[in-house]
Amino acid sequence: MSGGDMAKPLLGHRSTEGEPSVVPAAGRTIGVLGSGDFARSLAIRLVCSGFKVVVGSRNPKRKACLFPSAAEVTFQAEAVKKTDVIFVAVFREHYSTLCDLADVLAGKILVDVSNNTEINHHKESNAEYLASLFPACTVVKGFNVVSAWTLQSGARDGNKQVLICSNSQEAKRTVAEIAQVMGFTPVDMGCMSSACEIENIPLRLLPAWKIPIFLALGLFLCFFTYNLVRQVIHPYIREQQKKFYKIPVEVVNTTLPCVSYVMLSLVYLPGVLAACSQLYYGTKYRRFPDWLDQWLQHRKQIGLLSFFCAALHAVYSLCLPMRRSHRYQLIETAVKQAMEKKKSIWVEEEVWRMEIYISVGIIALGLLSLLAITSLPSIANSLNWREFSFIQSTLGFIALVVSTLHTLTYGWSRAFDENQYKFYLPPTYTLTLLVPCTVILAKVAFSLPCIQHRLLRIRRGWEKGRYVKFVLPSATGEYSSGETSSNV
């Protein structure tokens, strides 16, 4: 194969409808109305992609220095006359300033790239409003989900998808071809009625993270309050000891592993509930309740927040000996040992407990790190489904078991010590064991051959109560048909 053939892509560009399309010539002229940051970035990207760019501005002499030298900067009317595809890179409030160009714009394709400052700020989308002002033009909504930084740095450093919608299939195809040449992946979102949804996308702040974040904050507040009562308020009321210095570090450090441990178990609990639902109804085709469906969709975010809390717990734990209060306590212990003339305060059981506790905790943090890394799209895309499932499911469950061992070695025999019950409240770690142990026991039950076999059959399409046809030979040698239930 020649060097020229090697330079060609293996797969040709595709249109939004999945049919091979002809990429527009590199010399095609594209118009840009506007001189803001997005207009400048768009012009730079178009020029780098091989297009001829004509920029329309109300002050071309003053704005010309802001654009690449290959782009022609002129008045808006002159720019419109020289091209059939025009990117309207002005705010909605300034659309009316283009009304004087209505006659020149007739029959041309206008690409609306604008966004609002608030979700559903107007009754109609910006693209629909632009179409109402210029009924003789074909309006396409697109490129609004791409930032100016992505346009300048290239699609490889940002989101490659460009959402496009319009009432004209031909106009969408033309804009999609331009997006492909620029290195982006066009996504056909349908007719112009989808413009409102597309314009709301850049305004949403982490929509998939709201529920997990509120869940993590709720768990943190609950466990923090519980630990505050046990570690600070109880000594102050019962023994008049002021231990408020524990709040910034020690109480927080006791709370973080509780949140991380419970959040990790909440990643695998919805899978258990889904399996129970399938076993109960005997089918995989019954829709899960909305709350369970939402829970299943947020497992990735919940797991990443679990890893975040675990990482903070590790950092806080490393900083514990650096506290001034810890140094005072060491000196006080040394003084008491000297006054009591004790040569050694070595407790073999406590030494082994802490060694095992720290070692198991490091292993648990390592497994959580592996789960977090493989959840990144760049890493997940390099794994096949079996590899990804093994890491996220099997190793994830092992991480939950190891975290449980970490918690149990921390507690050791403290659960049976009456001095550990402050205000008759049990130690915090005993509360955190409830959900994880439920998940572990359920997983063990699902691994039993009788349950595992039934669950596997259901997930392969078997349904309880479904009737299947069969054929039996009669006494005369002829065959007769009948029906039987598939659960027989």
Side-chain angles (χ1 to χ4, degrees), residues 23-115 126-127 129-131 133-134 136-155 158 162 164 166 171-172 174-184 186 199 202:
V23 178
R28 183 169 187 171
T29 303
I30 305 295
V32 178
L33 295 181
S35 55
D37 294 336
F38 192 87
R40 294 196 298 269
S41 301
L42 183 61
I44 293 173
R45 193 64 195 161
L46 287 169
V47 169
C48 293
S49 300
F51 292 100
K52 294 181 180 179
V53 180
V54 180
V55 180
S57 175
R58 288 176 292 181
N59 300 295
K61 293 184 179 180
R62 190 175 66 179
K63 302 294 184 180
C65 60
L66 302 176
F67 290 86
S69 57
E72 179 186 354
V73 182
T74 182
F75 289 98
Q76 293 179 342
E78 294 296 326
V80 170
K81 293 178 181 179
K82 295 181 179 181
T83 180
D84 294 329
V85 180
I86 304 167
F87 285 84
V88 182
V90 298
F91 292 106
R92 177 191 177 110
E93 293 76 12
H94 301 155
Y95 285 171
S96 58
T97 61
L98 304 176
C99 291
D100 295 337
L101 306 174
D103 295 336
V104 187
L105 288 172
K108 300 182 183 292
I109 298 176
L110 302 182
V111 184
D112 178 47
V113 300
S114 65
N115 282 313
N126 295 347
Y129 175 62
L130 182 64
L133 293 178
F134 302 96
C137 300
T138 303
V139 177
V140 178
K141 185 68 187 184
F143 285 87
N144 66 300
V145 298
V146 181
S147 65
W149 167 256
T150 301
L151 287 170
Q152 289 191 18
S153 58
V162 172
I164 298 173
S166 176
K172 282 192 293 186
T174 301
V175 177
E177 291 171 353
I178 296 173
Q180 286 177 334
V181 176
M182 295 172 67
F184 296 98
E199 292 175 2

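Not measured: the values here are computed from a predicted model. Every heavy atom of this structure was used, including side-chain atoms; hydrogens, water molecules and symmetry mates were not. Numbers here simply count residues along the sequence, with the first being 1.
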I need the minimum non-hydrogen distance between [X] and [Y], along with the two atoms involved.
| X | Y | result |
| --- | --- | --- |
| Val145 | Val162 | CG2-CA, 4.5 Å |
| Met182 | Phe51 | CG-CE1, 4.4 Å |
| Phe38 | Ser147 | CE1-C, 4.3 Å |
| Pro68 | Val47 | CG-CG2, 4.2 Å |
| Val111 | Gly142 | CG1-O, 4.2 Å |
| Val55 | Ala43 | CG2-CB, 4.4 Å |

Find out whether [X] and [Y] are in side-chain contact, i.e. whether some heavy atom of one side chain is under 4.5 Å from a heavy atom of the other.
| X | Y | result |
| --- | --- | --- |
| Thr138 | Lys108 | no |
| Thr174 | Arg28 | yes |
| Leu110 | Val140 | no |
| Val175 | Phe143 | yes |
| Ser114 | Lys141 | yes |
| Val85 | Ile178 | yes |
| Leu98 | Val88 | yes |
| Trp149 | Ser41 | no |

Does [Y] offer a backbone N or O that forms a donor-acceptor pair with the side chain of [X] under 3.5 Å?
| X | Y | answer |
| --- | --- | --- |
| Asn126 | Arg92 | no |
| Glu199 | Ala127 | yes |
| Lys63 | Gly56 | no |
| Ser49 | Arg45 | yes |
| Thr83 | Thr29 | yes |
| Ser166 | Val139 | yes |

#### Entry: Exercise: do Ser57 and Asn59 side chains pair donor with acceptor under 3.5 Å
no
### Task
Carefully, step by step, assess Thr74 and Val54 under the rule side chain to side chain contact (heavy atoms under 4.5 Å, CB included).
CA-CA 7 Å; Thr74 182; Val54 180; 3.8 Å; yes
### Query
When you measure from the centre of the six-membered ring of Phe75, is the NZ or CZ of Arg58 under 6.0 Å away and within 45° of the axis?
no
Would you compute the distance between atom [atom1] of [X] and atom [atom2] of [Y] and round it to the nearest 0.5 angstrom?
| X | Y | atom1 | atom2 | value |
| --- | --- | --- | --- | --- |
| Leu105 | Asp100 | CG | CG | 10.5 Å |
| Asp103 | Phe134 | CG | CZ | 10.5 Å |
| Ile44 | Leu66 | CD1 | CG | 9.5 Å |
| Leu46 | Phe87 | CG | CZ | 5.5 Å |

### Carboxylate-amine/guanidinium contact Glu72 Lys52, below 4.0 Å
no
### Query
Do the ring planes of Tyr95 and Tyr129 sit parallel (below 30°), tilted (30 to 60°) or perpendicular (above 60°)?
parallel
